[in-house]
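Below: one structure, written as structure tokens.
Predicted model, so just to flag it, every value in this text is computed and none were measured. Both ligands and their constituent atoms are indexed starting at 1 by order of listing.
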Amino acid sequence: MQRKIGVIGGSGVYQIEGLQDAAWTVVETPWGAPSDEILTGTLGGVPMCFLPRHGRGHVHLPTEVPFRANIDALKRLGCTDLIAVSAVGSLREDFAPGDMVVLDQFIDRTCARPASFFGEGCVAHVSLADPVCAALSEACARALQPTGATVHRGGTYLAIEGPQFSTRAESNLYRSWGCDVIGMTAMPEARLAREAELCYASVAMVTDYDCWHEGHGAVDVAQVIAVLTRNAGTAKAMIAGLPDLLGATRAPCPCGCDRALDHAVMTAPDRRDRATLARLDAVAGRVLG
Ligand SMILES: CSC[C@H]1O[C@H](OP(=O)(O)O)[C@H](O)[C@@H]1O
Ligand SMILES: Nc1ncnc2[nH]cnc12
């Protein structure tokens, strides 16, 4: 099967360079417009799509990011693998600003975002026990090696609604839960990627120590931007390394990401809502027909 890599850029990552035949493309979805046009092209012989999560110029709050439209649009364009890049605060001493974390777990404290493609006459329950694709995450970790950044393989991301940063009491609470980093966007993105049967990896750059660390001031945007600017090349170098590591074709996902809906749909075929089925054409057409 042909591979197409989708990249979702986070804070500080609003475009990628080096795509052949690059073109910003408007994509419509049943869930509305994605965060922005999508940059399509080819990198190292592999088709690639890039979408800036907050839009070019950073115009969407985390709460306002149209997560369903973003995932639908990337799937609709034929993406098979999604790499999401994010800026995060560190909740532990040994994850320092500039470090990269290849995430493997999430705790979701968001509360104001549609978190599923399903509902309204078509019920499905996918597994999120292992919310990222282990094979794609491994490729990201390997693609980061030549950058020289410190790379942590595995980490738990606490997703807050924002847009305000956390209180000190919250920050300490999340530390006591064993969370490693904090951000505002990995959820419901990871949930929706799983429902759409996409391999999803989430790579975070540590930009600050949130507000728990006595030796560091409370996080502010200036601090986040300064770290992102200093390390702007790291995420871009990782993306540039992925085509060689992944290749232009792919076999069925060893983790089963591409078959996540095989046993997930509960609603009897004759009870499924037609309009809902039409909306689900791109993300779940494989199982809904
Ligand atoms: C600019 S600091 C807060 C902002 O940065 C992170 O964005 P992203 O995850 O898209 O890189 C965080 O989640 C907030 O949206
Ligand atoms: N400390 C923090 N909290 C939430 N989101 C962030 N993004 C970057 N740093 C963050």
Side-chain angles (χ1 to χ4, degrees), residues 6-16 34-36 50-67 70-71 74 82-93 95-103 106-113 132 140 155-175 177 179-193 200-213 215-232 234-236 238-239:
V7 176
I8 299 177
S11 292
V13 185
Y14 307 107
Q15 57 169 50
I16 52 174
S35 296
D36 202 336
F50 171 81
L51 173 60
R53 183 185 288 122
H54 300 277
R56 283 168 287 179
H58 206 119
V59 293
H60 304 297
L61 280 175
T63 307
E64 295 168 338
V65 171
F67 289 101
N70 289 355
I71 299 295
L74 290 165
L82 281 194
I83 293 102
V85 178
S86 295
V88 294
S90 169
L91 296 172
R92 49 189 286 176
E93 186 80 48
F95 283 22
D99 289 4
M100 302 299 288
V101 189
V102 183
L103 300 160
F106 306 97
I107 293 180
D108 192 357
R109 293 257 307 160
T110 66
C111 56
R113 309 169 187 190
V132 300
C140 291
T156 299
Y157 177 117
L158 188 289
I160 58 172
E161 186 59 49
Q164 303 84 1
F165 293 113
S166 304
T167 66
R168 194 163 287 115
E170 287 166 338
S171 198
N172 281 314
L173 176 68
Y174 305 146
R175 273 164 55 73
W177 288 353
C179 301
D180 301 307
V181 298
I182 182 166
M184 306 180 191
T185 61
M187 286 293 196
E189 197 172 85
R191 297 177 184 281
L192 296 165
Y200 178 85
S202 181
V203 179
M205 174 176 287
V206 176
T207 53
D208 53 84
Y209 278 109
D210 202 38
C211 61
W212 61 270
H213 198 302
H216 294 263
V219 55
D220 61 21
V221 163
Q223 198 182 335
V224 172
I225 292 172
V227 175
L228 287 172
T229 307
R230 253 199 323 274
N231 300 284
T234 307
K236 289 183 176 167
M238 176 192 77
I239 293 162

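- Near ligand 1, heavy-atom contacts under 4.0 Å come from Gly10, Ser11, Arg53, His54, Pro62, Ser86, Ala87, Phe165, Gly183, Met184, Thr185, Val224.
- A salt bridge does not link Asp210 to Arg175: none of the charged nitrogens lies less than 4.0 Å from a carboxylate oxygen.
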Show me the short polar-atom pairs for ligand 2: any N or O of it lying under 3.5 Å from a protein N or O, with distances only.
{"from": "ligand 2", "atom 1": "1 (N)", "to": "Asp208", "atom 2": "OD1", "distance (Å)": "2.8"}
{"from": "ligand 2", "atom 1": "1 (N)", "to": "Asp210", "atom 2": "OD1", "distance (Å)": "2.8"}
{"from": "ligand 2", "atom 1": "7 (N)", "to": "Ala87", "atom 2": "O", "distance (Å)": "3.3"}
{"from": "ligand 2", "atom 1": "9 (N)", "to": "Gly89", "atom 2": "N", "distance (Å)": "3.2"}
{"from": "ligand 2", "atom 1": "9 (N)", "to": "Asp208", "atom 2": "OD2", "distance (Å)": "2.7"}

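- Using cut-offs of 30° and 60° for the angle between ring planes, the Tyr200 and Phe106 rings count as tilted.
- Under a cut-off of 6.0 angstrom, the local environment of CZ in Arg168 is sparse, with at most 12 non-hydrogen atoms contributed by other residues, nucleotides or ligands.
- Taking the six-membered ring for Trp and thresholds of 30 and 60 degrees, His213 and Tyr209 have ring planes inclined between 30 and 60 degrees apart.
- Each of Leu91, Val101, Asp180 was scored for a side chain to side chain contact (heavy atoms under 4.5 Å, CB included) with Thr156, with one residue passing: Asp180.
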Under the side-chain contact (heavy atoms from CB on, under 4.5 Å) criterion, do Glu161 and Arg113 qualify, and how do the steps go? CA-CA 9 Å; Glu161 186 59 49; Arg113 309 169 187 190; 3.0 Å; yes

Go through the steps for Asn231 and Met100 under the test side-chain contact (heavy atoms from CB on, under 4.5 Å), then give the verdict. CA-CA 10 Å; Asn231 300 284; Met100 302 299 288; over 6 Å; no

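- Looking at Gln223 and Thr207, their side chains never bring a donor and an acceptor atom within 3.5 Å of each other.
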For Thr185 and Ile8: C-alpha separation, side-chain torsions, deciding distance, then whether side-chain contact (heavy atoms from CB on, under 4.5 Å) applies. CA-CA 11 Å; Thr185 61; Ile8 299 177; over 6 Å; no

